[in-house]
**Q** 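Okay, handing you the structure first.
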Amino acid sequence: MKILEINHCNKKFGENEVLKDISLSVAEGQVVSIIGPSGSGKSTLLRCATLLETMDGGDLIYLGDYAAKADPQGKAVYASKQELQGIKQHFGLVFQNFNLFPHYSVLKNITEPPILIGKRPKEEVYAEARVLLEKMGLADKENAYPYQLSGGQQQRVSIARALAMKPKILFFDEPTSALDPELTGEILQVIKELAAEHMTMVIVTHEMSFARDVSNHIIFMDGGVIVEEGEPNQIINHPQQERTKAFLHRFQQ
Amino acid sequence: MDTQFIFSIVQQLSVGLIESCKIFLLTLLFSMPLGLLVAFGRMSKWTPLKCFASDKFLEQIHILQTAQGKEEKTAFSLRAKSAFFLFKPIQFVLKVFIAILRGTPLMLQLFAIYYGPYYIFGIPISMEYRFTAVIIAFSVNYSAYFAEIYRAGIESIPVGQYEAATVLGYNKVQTFFRIIFPQMCKRVLPPVTNEAITLVKDTSLAFVISYTEMFTLAKQISAAKTTIMPLIVAGVFYFIFNAIVAFVMERIEKKMNYYR
């Protein structure tokens, strides 16, 4: 089943076209990595998919529900606020800078959204949150506040916060870019474990070997277009396009 | 004899101190929430005239607004058009409101609110209105200052907090009251303490419409007994009052230090 489908997505900032006719689809259980140089539009694509930016043109579909549908001229027409609110329940997003709520304890960061937004019973949510924290290796940190945690721990909390909403698909926007190499490893390990559990994920990353190991599909973007996509091994080790080769050149050495 | 005289001054001024406290507490009670409303209005982005604008103009504006950091010289006609179609009435009214309240003396505002009803509408001024006028003038004046403090606090919250809340499905009201407001409160405490301390001293301005608070009394006793002793005692009272305010605010700040 298709979890996410983006058709002919266009996005401009002023005169600057940041996304040009991007189409992609993510099936259930698939892990898709998006790689590419800075300014290639990968983050903007993720922000469009998570409704933080609006697309100028194209379709955005979650599990068959249209968040945005292109009109005959190709212009993206968004669904009503209420419908979008429902669609938001399908996905989660892990930010580069974690964006935890600093005034909430770790446990409250994780439990408030499912109770407040998901309208789920408290006891159940708390029990699940503790299981998630256990899984993230943070069982002893439930009463800590974000500032008391290392970057890697904060990022694990933010992954737990996203998972607590039981999303069908989880987006990662450069989840390790704000971390030092040592902490990067622990986050990548968590994502690998999620992949092993067949969590559907889209990951924007600069970690090439990680992208190759964890994903089923890799997309290389540059200048707002998908230059090349396919099997991880093929893209990372045997790229066909000159641009991809040039980008991966340093990594392959 | 001397100590007895000072004691009688202290006794008389205590009555006035209660009045000053009343002004202080009621002003805070009204101006702090009012300031939040003023801040909301000041940040309002409502543009009711936008629906009359042409599609072509909206397209041009959209391009300008989304142009990332590219500062281009905008044509005069486009600037004039945006000044009209993108006019924000609520924001404009509150900017004027704040400008007037911050730009004129509180003393003048007290006069205006106390004597205004009589001179403009011919309504006779009752004795009870005096206290009401003091509270209205102080509350409205301080709400303008609080509004700008709140605005600074709200605008200092990183955009990532809004984004995280949005993605999790929080609506605007939930995002504000659960995520932004608590963080704002912590950030605005030091400037709010400043305002509260200024307010303690400003209560003495109520004397201009002959409202009998501590300073009015001090001046009366001082004139009657030809001594500056009452003024010195009043000064000590204000100082102690403010020491208490500062102490309480510091306690609140410490309480909110459980997170950073």
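The analysis underlying the following values was restricted to heavy atoms, covering all of them including side chains, and did not include hydrogens, waters or symmetry mates. First the proteins, then the strands, lettered A, B, ... as listed; each starts at 1.
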**Q** Counting heavy-atom pairs closer than 4.5 Å to chain B, which one of A:Q89, A:M165, A:E112 comes out on top?
**A**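 Of the options given, most contacts go to A:E112.
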**Q** Do you know which of A:L116, A:N97, A:L93 has the most heavy-atom pairs with chain B at a distance under 4.5 angstrom?
**A**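 That would be A:L116.
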**Q** Heavy-atom distance under 4.5 Å to chain A: side chain of B:Y258, backbone, both or neither?
**A**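 For B:Y258, heavy atoms of backbone and side chain both lie under 4.5 Å from chain A.
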**Q** In terms of heavy-atom proximity below 4.5 Å to chain B, should A:L84 be classed as side chain, backbone, both, or neither?
**A**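 Contact with chain B is absent: no heavy atom of A:L84 under 4.5 Å.
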**Q** Test salt bridge (charged side-chain N to carboxylate O under 4.0 Å, His left out) on A:E197 and A:K135 and set out the steps.
**A** CA-CA 12 Å; A:E197 293 164 18; A:K135 202 169 134 188; 2.9 Å; yes
**Q** Taking the side chain from A:K42 and the backbone from A:G36, do they hold a donor-acceptor pair closer than 3.5 Å?
**A**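 Such a contact is found between A:K42 side chain and A:G36 backbone.
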**Q** Write down the atom of A:L183, the atom of A:E186, and the distance for their closest heavy-atom approach.
**A**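 Heavy atoms only, the tightest pair is O-CG, 2.9 Å.
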**Q** Hey, can you tell me if B:F40 and B:F176 have their rings parallel, tilted or perpendicular (30° and 60° cut-offs)?
**A**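 Geometry flag for B:F176 against B:F40: perpendicular rings.
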**Q** Salt bridge or not between A:E128 and A:R120? Use side-chain N to carboxylate O under 4.0 Å.
**A**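 Yes.
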**Q** Ring-plane angle category for A:F101 and A:Y104, please: parallel below 30°, perpendicular beyond 60°, tilted otherwise.
**A**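 Correct class here is perpendicular.
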**Q** At a heavy-atom separation under 4.5 Å, does A:D56 approach chain B through its side chain, its backbone, both, or neither?
**A**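 Side chain only.
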**Q** My understanding is that only residues two or more places apart in sequence, or in another chain, count here; which of them pass side chain to side chain donor-acceptor pair (under 3.5 Å) with A:Y145?
**A**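 Once residues adjacent in sequence are excluded, A:Y145 has no partner under the side chain to side chain donor-acceptor pair (under 3.5 Å) criterion.
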**Q** Using non-hydrogen atoms and a 4.5 Å limit, figure out which bit of A:L52 sits close to chain B: side chain, backbone, both or neither.
**A**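 Contact with chain B is through the side chain of A:L52 alone.
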**Q** In residues 150-164 of chain A, which residues are in contact with chain B at a heavy-atom separation under 4.5 Å?
**A**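 Residues of residues 150-164 of chain A touching chain B at under 4.5 Å: A:R161.
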**Q** Do B:F57 and B:F85 have ring centres separated by under 6.0 Å?
**A**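 Yes, close enough.
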**Q** Testing the basics here: between B:A196 and B:F24, what is the closest heavy-atom pair and its distance to 0.1 Å?
**A**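 Answer, listing the atom of B:A196 first, then B:F24: O-CE1, 3.4 Å.
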**Q** Measure A:Q148 against the heavy atoms of chain B and call it side chain, backbone, both or neither at under 4.5 Å.
**A**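 Contact with chain B is absent: no heavy atom of A:Q148 under 4.5 Å.
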